[in-house]
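Note that the numbering runs from 1 along the sequence shown for the chain.
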Amino acid sequence: MATSLEREHPVKAFAWAAKDPSGHFAPFNFSRRATGEHDVQFKVLYCGICHSDLHMAKNEWGFTIYPLIPGHEMVGVVTETGSKVEKFKIGDKVGVGCLVRSCHECEECINHQESYCPKQVYSINGRDYDGSVTYGGFSDIMVANEHFVIRWPEKLALDRGAPLLCAGITTYSPLRRFGLDKPGVNVGVVGFGGIGHLTVKFAKAFGSKVTVISTSATKKREAIEDFGANEFLVSHDQEQMQAAAGTLDGIIDTVSGNHSLLPLINLLKPHGKLVLVGIPTKLEVPVFPLLQGEHHSNFRSYFIMSQSFIISLNNNTTVN
């Protein structure tokens with residue numbers, strides 16, 4: 001298999017790849033396609049590690065294509081451009097996130113919502129239009145259509161900014177899209193890992209009042225003193241959770257492990273929004289208490305399921 005992948009395309013490349021569900025990575029030789037007329041080739045200097053990379057490496061979602069080269073927060077320097085590329089030149093600093101191709105013809109693409117395109121291609125573990133598997137940024141070079149390449153700000157360090165290409169937009173997007181980016185809005189952040197950190201930073205920058213919700217009481221000092229959160233709740237402390245019931249306009253849930261949503265739903269105001277970006281494999285949602293709670297408490301909540309590794313929000317379902 002390795003030999004065929006090395007010869008599949010004309011440009012030789014090197015990566016670290018997972019070859020089975022053990023999740024162990026090893027050196028791997030493969031190949032990239034030649035730089036097409038609308039393509040940008042760049043040397044990968046840094047690549048973030050997203051939790052979805054770990055899920056994929058261990059096939060925890062059941063659709064990993066091995067060998068897997070993860071990495072969808074990649075930044076580097078342009079080494080070659082196609083003949084019709086207009087936005088970039090050799091030497092430019094650039095980045096590529098979760099998407100590398102779409103049809104450019106459907107309604108979603110026309111409306112600049114390429115992440116909803118039915119023919120979208122992910123930067124890792126996807127199938128490109130020629131049928132070949134897409135490989136990510138745990139590699140030395142990358143080739144992508146210029147439409148999905150971003151110019152890197154000169155004042156932003158490549159290594160520090162790379163996670164913004166997935167974790168950053170995963171939290172920034174729902175805050176903006178669902179009106180949680182206004183001064184005085186009460187925003188809850190569930191989980192205080194990497195994505196949680198960014199959510200707090202963005203929400204505070206928007207002027208929101210931020211409540212961090214975590215299973216670990218030891219994170220309270222960091223959340224409040226280092227990141228500026230206004231409140232901190234220990235999710236298994238029923239007294240704290242009950243006291244905060246009905247206080248939040250929206251919640252960004254960044255937890256990737258399986259957990260019950262009902263305690264979070266109880267924290268929301270009527271018409272509050274609960275946005276999941278952590279991609280747990282299963283969700284505990286007792287429907288009858290939800291409906292009963294709405295009936296007696298005039299409660300309504302929106303569930304917006306978001307997959308962090310594709311940047312965009314997938315579903316928008318109102319629970320009536």
Side-chain angles (χ1 to χ4, degrees), residues 46 48-55 73 155-176 178-269 272-280 283-284 301 304 306 308-309:
Y46 300 96
I49 301 175
C50 177
H51 202 280
S52 61
D53 291 323
L54 307 182
H55 285 300
E73 301 171 338
K155 295 184 179 180
L156 180 61
L158 290 169
D159 57 340
R160 294 176 63 85
L164 295 176
L165 293 169
C166 178
I169 193 63
T170 294
T171 57
Y172 178 87
S173 177
L175 287 170
R176 293 296 302 270
F178 300 108
L180 302 176
D181 58 344
K182 309 292 190 301
V185 170
N186 292 293
V187 176
V189 179
V190 184
F192 198 55
I195 296 181
H197 289 171
L198 287 170
T199 310
V200 174
K201 286 187 173 183
F202 281 132
K204 290 298 296 184
F206 289 138
S208 303
K209 181 180 178 181
V210 177
T211 298
V212 171
I213 304 147
S214 173
T215 59
S216 177
T218 60
K219 294 186 177 182
K220 180 176 181 178
R221 186 205 62 77
E222 180 186 15
I224 293 178
E225 296 182 13
D226 296 344
F227 284 79
N230 301 92
E231 304 290 343
F232 186 94
L233 300 175
V234 178
S235 58
H236 53 78
D237 187 318
Q238 295 184 6
E239 184 176 340
Q240 288 186 23
M241 296 291 282
Q242 184 58 41
T247 62
L248 301 179
D249 297 293
I251 294 174
I252 307 295
D253 184 349
T254 73
V255 175
S256 60
N258 298 336
H259 58 290
S260 175
L261 298 184
L262 190 57
L264 306 179
I265 293 168
N266 291 335
L267 297 175
L268 292 171
K269 297 178 181 179
K273 299 175 178 67
L274 175 58
V275 185
L276 276 68
V277 299
I279 328 181
L283 293 176
E284 298 178 21
S301 177
I304 303 97
S306 173
S308 63
F309 66 97

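For His51, the ring pair (Phe, Tyr, Trp, His ring centres under 6.0 Å) partners two or more places apart in sequence, or in a different chain, are His55. Among residues two or more places apart in sequence or in another chain, the side chain to side chain donor-acceptor pair (under 3.5 Å) test is passed with Lys182 by none. Shown here are the side chain to side chain donor-acceptor pair (under 3.5 Å) partners of Ser216, two or more places apart in sequence or in another chain: Thr218. Every side chain to side chain contact (heavy atoms under 4.5 Å, CB included) that Pro163 has, sequence neighbours left out, goes to Glu73. In this structure, the salt bridge (Lys or Arg N to Asp or Glu O under 4.0 Å) partners of Glu225, at least two apart in sequence or on a different chain, are Arg221. Residues that satisfy the side chain to side chain contact (heavy atoms under 4.5 Å, CB included) test with Leu158, not counting sequence neighbours, are Leu45, Tyr46, Val75, Lys93, Trp152. In terms of the side chain to side chain donor-acceptor pair (under 3.5 Å) criterion, residue partners of Gln240 (sequence neighbours excluded) are, by chain and number, Asp237.
Between atom CG of residue Leu165 and atom OG1 of residue Thr170 there is a gap of 10.0 Å, rounded to the nearest 0.5 Å. Going from atom CG of Leu262 over to atom CE of Met241 covers 9.5 Å, rounded to the nearest 0.5 Å. Ser256 OG to Leu54 CG: the interatomic distance, rounded to the nearest 0.5 Å, is 9.0 Å. Between the CG atom in Leu267 and the CG atom in Leu233 there is a gap of 6.5 Å [rounded to 0.5 Å]. The distance from the CG atom of Asn186 to the CG atom of Leu268 is 11.0 Å, given to the nearest 0.5 Å. Between atom CG of residue Leu248 and atom CD1 of residue Ile265 there is a gap of 12.5 Å, rounded to the nearest 0.5 Å.
For the pair Lys204 (side chain) and Gly228 (backbone), a donor-acceptor distance under 3.5 Å is present. Judged purely by atom type and a 3.5 angstrom limit, Asp53 uses its side chain to pair as donor or acceptor with the backbone of Cys50.
Heavy-atom contacts from other residues, nucleotides or ligands closer than 6.0 Å to CD of Glu222 number more than 12.
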Practice item. Evaluate the criterion side-chain contact (heavy atoms from CB on, under 4.5 Å) for residue pair Thr211 and Thr247; output intermediate values, then yes/no. Key: CA-CA 10 Å; Thr211 298; Thr247 62; 5.9 Å; no
Distance-only donor-acceptor pairs under 3.5 Å for side chains of residues 188-202, two or more places apart:
unit_1 : atom_1 : unit_2 : atom_2 : d
His197 : NE2    : Phe192 : O      : 3.2
Thr199 : OG1    : Ile195 : O      : 2.7

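Contact check for Leu164 versus Leu156: side-chain heavy atoms found under the 4.5 Å cut-off.
Sorted by first and then second residue, the pairs that involve residues 244-259 and meet salt bridge (Lys or Arg N to Asp or Glu O under 4.0 Å), not counting sequence neighbours, are Asp249-Lys269. Note on residues 157-176: pairs passing salt bridge (Lys or Arg N to Asp or Glu O under 4.0 Å), not counting sequence neighbours, are Arg176-Asp181.
Smallest separation of non-hydrogen atoms from Ser208 and Leu180: OG-O, 3.4 Å. A pairwise comparison of heavy atoms in Ala217 and Val234 identifies CB-CG2, 3.8 Å as the closest pair. Looking at every heavy atom in both residues, Ser214 comes nearest to Phe232 through CB-CZ, 3.7 Å. Shown here for Leu175 and Ala203, the closest heavy-atom pair between the two residues is CD1-N, 4.0 Å.
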